[in-house]
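None of these values were measured; they are calculated from a predicted model.
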Amino acid sequence: MTVAADSATGAASLVQSVDWLAIAPPVIAAAVALLVLVADLFVEERRKPLLGYGAVAGLVAALAMLVPLRAGDRSTFCLTGTAQACSYTADHFALVIQALVLGGALLTALLSIGDTRKLPAGEFWFLLLSSAAGAALLPAARDLATLVVALEVASLPAFALVGIKRGDRRSSEAALKFFLSSVVATAVMLLGVSFVYAATGTMHLTEIAARLDDVPGQLSTLAEAGVVLTLVGFAFKTAAAPFHFWVPDTYVGAPLPIAAYLSVVGKAVGFSGIILVTVIAFPSYADVWGPALAVLAALTMTVGNLAALRQSATRARSAVRLLAWSSVGQAGYLLVPIAAAAYSSDAQIGSTVAYALMYAVVNLGAFAVAALVARTHPGNRLDDYRGLYATRPLAALAMGFFLLCLAGLPPGIIGLFAKVTVFSSAVDAGLGWLAVVMAVNVVIALYYYLQWTAALFRTPEPSPASDEAPAAPVHRVPAPVTLAIALTAVAGITLSGAPQLILRFATLSLF
């Protein structure tokens with residue numbers, strides 16, 4: 001009887017608890033994705049836009065489910081009676097990143113409504129919601145298996161979204177390049193995960209951290225290799241140099257709303273993964289990943305900003321290319337506090353979260369204005385923005401504000417404060433050389449941000465007849481696009497007036 005009782009107790013300890021409220025945000029996004037795909041079979045062609053509004057409603061519902069979780073004290077899929085070995089944790093870090101990715105997906109959906117007439121509507125919305133579900137799952141994942149699954153659920157639909165424009169050679173090439181390079185990075189990351197598991201015998205991040213402190217000498221090299229290789233996959237998702245080569249062609253070939261999605265949500269997924277594996281799982285190997293991330297940060301911001309400087313104003317789609325290279329440079333800034341955490345404390349991670357929130361708002365706004373301009377100027381050249389104030393004054397003012405935020409100049413106060421916060425994290429950690437590199441890159445970025453901003457208010461010049469004739473009448477802007485621009489502009493202005501709304505994350509304990 002005693003043996004039977006012990007067996008029953010042991011079996012009971014392996015039964016995983018499920019907190020349905022904790023997992024509600026990604027589950028709602030996934031459930032709505034399936035509903036949209038099934039509904040597409042029965043909805044008439046003329047009513048296909050309703051699928052887009054259904055997707056928007058699903059994302060709003062997923063965001064609303066974050067409110068009852070705001071205490072940040074829920075864990076589920078736990079293997080024991082304690083919260084020390086759980087696969088899903090809805091702490092403050094997870095909730096903030098989930099708000100970022102679901103909000104980014106919502107703005108992407110608003111930009112896409114009315115822009116999917118030539119695209120398979122059911123497949124488009126299913127893929128977008130599926131990717132958003134994976135992106136919302138990843139920041140709450142607390143074991144390597146869930147991290148890898150969430151990363152692939154977020155990434156695989158993104159490949160299809162990039163290449164969803166049927167018959168478009170540029171779109172197909174972009175999707176193929178994105179897919180092949182990502183597959184290689186994922187394979188390397190899986191090899192690293194297997195090394196870490198072999199060295200520790202566990203997948204849970206907190207357990208890995210405890211066991212890496214006691215790795216036998218003969219396994220130390222295996223563990224170090226596993227740490228480095230695991231970071232490679234996430235570095236690819238963040239577009240950190242030298243894993244950034246897919247970015248410009250992918251952004252140019254993808255539908256513009258999807259380029260916006262990748263620039264914000266894709267980066268949030270990558271940075272969440274890097275933060276979780278470094279700060280929670282690999283703190284004892286900070287001497288390995290700390291210097292590596294510091295070098296990656298310096299290289300990434302330098303490559304991104306120098307490439308952005310080289311964009312010709314007359315080249316087709318040069319505006320999207322500049323935003324793509326700008327996003328690479330911004331990724332370098334986001335890496336700085338993570339590298340600093342290796343030299344000081346985990347509190348530095350808050351600076352990355354604060355900067356990511358600022359970047360998400362203003363970068364999505366810049367892409368929203370770019371999507372608006374693309375409706376009358378399909379070439380989307382930087383020259384097409386010259387004199388935008390004369391035809392669309394509100395859009396020009398919004399775009400100027402977004403660019404100044406990215407540059408870190410007034411009236412974009414939130415951009416300035418966020419950069420100062422990141423800069424301070426490097427200084428506080430003793431990474432003076434990295435702070436100097438960042439300061440130089442901020443000055444370099446000022447040139448192309450200010451050049452683009454000035455062009456918005458110049459007198460427009462007549463150009464020869466082309467595929468986007470300047471004399472064409474101003475088209476009515478779809479309401480969802482107007483709403484997306486308005487939401488990002490209001491959020492950016494509000495944050496510039498009260499930057500503490502975002503910067504407080506730089507001082508909070510998120511884990």
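Side-chain atoms of Ser181 and Phe243, non-hydrogen and from C-beta on, never get closer than 4.5 Å to each other. Proximity of Leu190 to Thr186: side-chain heavy atoms (C-beta onward) are separated by under 4.5 Å at one or more points. Contact annotation: the side chain of Ser496 never approaches that of Phe417 to less than 4.5 Å [non-hydrogen atoms, C-beta and beyond]. For the pair Val162 and Leu262, the minimum side-chain heavy-atom distance is below 4.5 Å. Using a 4.5 Å heavy-atom cutoff, the side chains of Trp125 and Ser112 are in contact. Between Pro68 and Leu21 there is a side-chain heavy-atom pair separated by less than 4.5 Å. Between Asp19 and Arg74, some side-chain heavy-atom pair lies under the 4.5 Å cut-off. The shortest distance between side-chain heavy atoms of Pro120 and Ile164 falls below 4.5 Å.
Partners of Ser182 by side-chain hydrogen bond (donor to acceptor under 3.5 Å, both in side chains), not counting sequence neighbours, listed by chain and number: Lys237.
At least one donor-acceptor pair closer than 3.5 Å links the side chain of Asn305 to the backbone N or O of Met301. A donor-acceptor distance shorter than 3.5 angstrom exists from the side chain of Tyr88 to the backbone of Ala22, with no hydrogens or angles considered. Without hydrogens or angle criteria, Thr76 side chain to Thr89 main chain gives no donor-acceptor distance under 3.5 Å. The backbone N or O of Ala340 sits nowhere less than 3.5 Å from a side-chain atom of Ser425 that would complete a donor-acceptor pair.
Residue Tyr197 places its OH atom among 12 or fewer non-hydrogen atoms of other residues, nucleotides or ligands, all under 6.0 Å distant.
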Validation: residues 285-298 side-chain donor-acceptor distances under 3.5 Å, sequence neighbours left out:
unit_1	atom_1	unit_2	atom_2	d
Trp289	NE1	Phe282	O	2.7
Trp289	NE1	Tyr285	O	3.4

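Under the 3.5 Å distance criterion, with hydrogens and angles disregarded, a donor-acceptor pair is assigned to the side chains of Asn441 and Thr302. Checked by atom type, the side-chain pair Tyr261/Ser131 shows a donor-acceptor distance below 3.5 Å.
Between Trp246 and Phe178, the ring planes lie parallel to each other; the angle is under 30°, not in the 30° to 60° tilted range.
Atom CZ of residue Phe93 and atom CD of residue Gln98 lie 10.0 Å apart, to the nearest 0.5 angstrom. For the atom pair OH of Tyr251 and OG of Ser327, the computed distance is 4.0 Å after rounding to the nearest 0.5 Å. Interatomic distance, NZ of Lys165 versus CZ of Phe124, reported as 11.0 Å (0.5 Å rounding).
Sorted by first and then second residue, the salt bridge (charged side-chain N to carboxylate O under 4.0 Å, His left out) pairs involving residues 242-252 (not counting sequence neighbours) are Lys177-Asp249, Asp249-Arg321. Residue pairs meeting the salt bridge (charged side-chain N to carboxylate O under 4.0 Å, His left out) criterion with at least one member in residues 140-154, sequence neighbours excluded, are Asp91-Arg142. Screening residues 202-228 for salt bridge (charged side-chain N to carboxylate O under 4.0 Å, His left out) gives Glu207-Arg211 as the qualifying pairs, with residues at least two apart or on separate chains. Within the structure, no pair that satisfies the salt bridge (charged side-chain N to carboxylate O under 4.0 Å, His left out) test touches residues 179-193, not counting sequence neighbours.
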For Leu111 and Leu256, what are the C-alpha separation, side-chain angles and deciding distance, and is it a side chain to side chain contact (heavy atoms under 4.5 Å, CB included)?
CA-CA 9 Å; Leu111 291 177; Leu256 205 51; over 6 Å; no
